[in-house]
Amino acid sequence: MADMLSGTYEVMYRSADDDIQIRGEIWLLGRRYNLPQDMQAMEQHISSLIWCTYRKNFRAIGGTGLTSDASWGCTMRCGQMVLAEALSRLHLGRDWRWTAGTGNRSYHALLRMFLDKPDSVYSLQQIAQFGVDFNRKVGEWFGPNNMCQVIKKMAKYDGWSNLAIHIAMDMTIVESEIYALCKGVEVTGAKRHSYQDGHMKSISPAEESPDGATANGGVSLRCDEFKPLLLFVPLRLGLETFEKQYSEPLKACLHLPQSIGMIGGRPRMAFWFYGCQKGDGGKLFYLDPHTVQASVEPVRDRIPDETFHNVGRPSLMNMYELEPSMAVGFFCANKEELEDLFNRLRRDVLAVGPALFEIFTNRPANMPALVIPDADLQPLDDPEDVDEAGFDDLMADSSLAAVAGAGHNSCADEEFEIIEMGEVM
């Protein structure tokens, strides 16, 4: 398969550690592998991860003239990867493994959500548009915290998954607030989606029966159940460089079964980290978005998927090379997994070194109350209701044409952004 793909992309970055021999105990998103005996199982796991990279030759984004995200979209692609891992667990199951040519309809419906089209829920176009709300013009680089905030906004349009998303600002987790979020009920009468015949279809409450089935035979998630949770914890572990004292607690996060990795990287290069090697000085495993591939078009109900999976050697990086700003992610499909996560964070993460963050059962009296502002969500009324021409008009109206041809613009501190206190939740 590597030979088949060799002519389809260009590599913009390659790790100096790519050729290091991997042995010993490896943890990938909460799964342990002992090498070399578990090498085949580990490789199958890695090749099943959804790989999102730079793309080219998609339709120009609005009036900007941009037909590729090369040099500015790496954090966006990492955000897509961490989100795809959460959705894969929700819709395909934790033990699902990819095989070339699979016809799994849920899998192809999931990939469709990440195509570079304005009507795809988690497309680059949607990410770029929502980024304007956080003072990021189309063509500007995101930091990890920006990406978490954008994912939270986009997910409101994903009725198929019905996710609850919480961003633990100020490196503080309050259990009671997360439980309340997961028990929340959507607005009555809001459009949601059902899954049928490999497509996402809008439904109204009138079309849905009490058991969650829809009139057209699809299946949807009920809103009165405990919502699956995507939890992000933005961190800054050092001022200018990563503080080595945090290495063991950070690796411990990747040992947890709820882990969906972390968004981080080197200066001006974002990666999605999904695993680690045990031991002092162990390497981090990551998927690298810095590969330019052609945009993908659906073929009937299927998505040509070879370029969404990395079948080569895993990329490795020394943990001490990390930028200090990053975002750690966790996914809990139900209440039991969430309770287990809180227990494991206390026992297996906070107890092994300096605290990465704080956990409280309830918000302390001396801590400012959590305020979640009513978001003025007007990106696309519904992803299925807006065509590409309409998206172009919307983008042109937002005065973004001035950034046509924009190159790589980093955040204010030229690296990952510093997480500010009191940022929008």
Side-chain angles (χ1 to χ4, degrees), residues 29-30 48-55 69 73-94 96 98 106-131 134 142-168 181-182 193 195 200 221 227-234 253-254 258-265 270-274 286-289 296 303 305 308-310 326-333 337 379-380 383:
L29 300 173
S48 298
L49 302 174
I50 294 177
W51 182 38
C52 299
T53 73
Y54 289 150
R55 296 283 176 172
D69 62 315
C74 58
T75 309
M76 301 180 188
R77 299 303 185 179
C78 291
Q80 288 180 322
M81 286 189 272
V82 74
L83 182 56
E85 174 62 21
L87 297 181
S88 177
R89 293 192 193 180
L90 178 63
H91 298 300
L92 304 176
R94 183 176 178 83
W96 178 84
W98 174 72
S106 293
Y107 163 72
H108 285 279
L110 192 157
L111 284 188
R112 186 179 294 271
M113 301 170 83
F114 294 92
L115 295 183
D116 296 313
K117 295 178 175 295
D119 60 349
S120 293
V121 181
Y122 300 117
S123 67
L124 178 81
Q125 288 86 345
Q126 289 276 34
I127 296 172
Q129 181 187 346
F130 275 112
F134 301 99
F142 276 27
N145 184 48
N146 295 135
M147 190 64 238
C148 296
Q149 303 288 356
V150 167
I151 288 174
K152 183 173 182 177
K153 282 200 167 188
M154 291 191 300
K156 293 179 182 292
Y157 292 86
D158 178 10
W160 182 34
S161 306
N162 196 29
L163 293 172
I165 297 183
H166 182 75
I167 303 172
L181 176 66
C182 292
H193 292 84
Y195 168 70
M200 302 300 296
L221 295 176
K227 292 184 179 182
L229 171 73
L230 178 52
L231 171 64
F232 288 113
V233 186
C253 290
L254 296 170
Q258 296 88 351
S259 172
I260 51 173
M262 60 186 186
I263 303 172
F271 305 127
W272 175 46
F273 295 96
Y274 61 85
Y286 65 91
L287 282 181
D288 185 355
V296 173
I303 309 299
D305 64 346
F308 282 97
H309 296 276
N310 189 334
M326 63 196 72
V328 179
F330 304 96
F331 174 74
C332 301
E337 290 186 9
L380 301 176

Exercise. How far does NZ of K153 sit from CD of Q129, to the nearest 0.5 angstrom?
Worked result: 10.5 Å

Exercise. In terms of the angle between their ring planes, are Y157 and F130 parallel, tilted or perpendicular, with boundaries placed at 30° and 60°?
Worked result: tilted

For this session: Using the test side chain to side chain contact (heavy atoms under 4.5 Å, CB included), find all partners of L111 that sit at least two apart in sequence or belong to another chain.
Result: I50, Y107, I303, D305, F308

Exercise. Under a 4.5 Å cut-off applied to non-hydrogen side-chain atoms, are L83 and L163 in contact?
Worked result: yes

Exercise. So do the side chains of W160 and M113 get within less than 4.5 Å of each other, counting heavy atoms only?
Worked result: yes

Exercise. Considering all heavy atoms of both residues, which atom of S48 and which atom of H309 are nearest to each other, and what is their separation?
Worked result: O-CE1, 3.6 Å

Seminar exercise, completed: Nearest heavy-atom approach of F114 to S120 is N-CB, 4.5 Å

Exercise. Who passes side-chain hydrogen bond (donor to acceptor under 3.5 Å, both in side chains) against Y274, sequence neighbours left out?
Worked result: none

Problem set entry | Distance-minimising heavy-atom pair for A327 and C148 | CB-SG, 3.6 Å

Exercise. Who are the side chain to side chain contact (heavy atoms under 4.5 Å, CB included) partners of S259, not counting sequence neighbours?
Worked result: L29, L254

Exercise. What are the two closest heavy atoms between A168 and P234, and how far apart are they?
Worked result: O-CD, 3.5 Å

Problem set entry | Rounded distance (nearest 0.5 Å) linking atom CZ of F331 with atom OG of S88 | 10.0 Å

For this session: Measure the shortest side-chain to side-chain distance between M154 and V150 over non-hydrogen atoms and say whether it is less than 4.5 angstrom.
Result: yes

Exercise. Run the side chain to side chain contact (heavy atoms under 4.5 Å, CB included) check on L230 and I260 step by step: do they pass?
Worked result: CA-CA 9 Å; L230 178 52; I260 51 173; 3.0 Å; yes

Exercise. What residues form a side chain to side chain contact (heavy atoms under 4.5 Å, CB included) with A155, not counting sequence neighbours?
Worked result: Y122, I165

Problem set entry | Worked check of side chain to side chain contact (heavy atoms under 4.5 Å, CB included) between K152 and I167 | CA-CA 8 Å; K152 183 173 182 177; I167 303 172; 4.1 Å; yes

For this session: Give, for atom CG of D158 and atom NZ of K156, the distance between the pair rounded to the nearest 0.5 Å.
Result: 12.5 Å

Problem set entry | Test side chain to side chain contact (heavy atoms under 4.5 Å, CB included) applied to C253 - qualifying residues, sequence neighbours left out | V328, F330, V349, L356

Exercise. From I151 CD1 over to Q126 CD, what is the distance, rounded to the nearest 0.5 angstrom?
Worked result: 13.0 Å

For this session: May I have the step-by-step check of side chain to side chain contact (heavy atoms under 4.5 Å, CB included) for M81 and I263, ending in yes or no?
Result: CA-CA 9 Å; M81 286 189 272; I263 303 172; over 6 Å; no

For this session: Go through the steps for F134 and N145 under the test side chain to side chain contact (heavy atoms under 4.5 Å, CB included), then give the verdict.
Result: CA-CA 10 Å; F134 301 99; N145 184 48; over 6 Å; no

Exercise. Does any non-hydrogen side-chain atom of D288 lie less than 4.5 Å from one of N310?
Worked result: no

Exercise. Got a second to check how far Q125's CD is from K117's NZ, nearest 0.5 Å?
Worked result: 8.5 Å

Exercise. Do you know which two heavy atoms are closest between C52 and P289, and how far apart they sit?
Worked result: O-CB, 3.6 Å

Seminar exercise, completed: The single option from S106, S161, P228 that satisfies side-chain contact (heavy atoms from CB on, under 4.5 Å) with L87 is S161

For this session: To the nearest 0.5 angstrom, please state how far the NZ atom of K227 sits from the SG atom of C332.
Result: 15.5 Å

Exercise. Between M326 and G264, what is the shortest heavy-atom contact and its length?
Worked result: CB-CA, 4.2 Å

Exercise. Does R77 have any side-chain hydrogen bond (donor to acceptor under 3.5 Å, both in side chains) partners at least two apart in sequence or in another chain, and if so, which?
Worked result: D69, Q80, D116

Exercise. Would a distance-only check, ignoring hydrogens and angles, find a side-chain to backbone donor-acceptor pair under 3.5 Å from E337 to Q258?
Worked result: no

